[in-house]
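Hydrogens, waters and symmetry mates play no part in the numbers below; they use all other heavy atoms, side chains included. Please read all numbers here as calculations on a predicted model, not as lab measurements. Positions are given from 1, in the same order as the sequence printed here.
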Amino acid sequence: MRGSGGSGADKVTVNTAAVERPELISELSQEFGAQAVVLAIDAKREGEHWDVRVRGGRDSARLKRSGVGPARSGNGLPERFC
């Protein structure tokens, strides 16, 4: 992400990396500001649950969710969903 700011990017998405290492969200938020960090979650409906997907939606992260909504606060971002 460090090299992205110099190229004019004002936001960077961290999807798979954040699923695999959730503390990355707080680290990036502290270093670059919450306004610069975007977390998008890919999910696939499987029966009554949603399966969190990584690597562009190709692979399962093996995390099942019953719905999508705000997660715990304190990660430095205005809101977070999982």
Side-chain angles (χ1 to χ4, degrees):
M1 184 166 163
R2 188 174 311 283
S4 302
S7 65
D10 62 352
K11 292 185 177 27
V12 176
T13 61
V14 288
N15 305 341
T16 299
V19 170
E20 293 176 345
R21 199 168 74 83
E23 63 274 10
L24 179 64
I25 300 167
S26 295
E27 292 168 10
L28 292 173
S29 178
Q30 289 173 1
E31 181 152 351
F32 300 101
Q35 76 286 350
V37 182
V38 177
L39 173 63
I41 298 173
D42 295 319
K44 179 180 178 183
R45 185 87 158 151
E46 291 190 351
E48 296 294 316
H49 295 90
W50 290 92
D51 179 35
V52 176
R53 310 294 289 187
V54 293
R55 291 170 194 66
R58 291 185 307 270
D59 300 330
S60 173
R62 306 219 189 293
L63 299 172
K64 303 287 186 200
R65 299 289 180 255
S66 59
V68 177
R72 60 178 188 241
S73 60
N75 58 12
L77 297 181
E79 57 187 43
R80 179 176 162 201
F81 293 89
C82 72

Note: Arg53 and Arg58 closest approach over all heavy atoms is NH2-O, 3.1 Å

Considering all heavy atoms, the nearest Ile25-Ala18 contact | CG1-CB, 3.9 Å

State the CD-OG distance between Glu31 and Ser26, to the nearest 0.5 angstrom.
-> 13.0 Å

Under the side-chain contact (heavy atoms from CB on, under 4.5 Å) rule, collect the residues that match up with Ala17, sequence neighbours excluded.
-> Leu24

Results of side-chain contact (heavy atoms from CB on, under 4.5 Å) for Asn15 - residues two or more places apart only | Thr13, Ala40

Expected output: side-chain Thr16 to main-chain Arg55 donor-acceptor under 3.5 Å | yes

Minimum-distance pair of heavy atoms, taken over all atoms of Asp42 and Gly56 | OD2-C, 4.1 Å

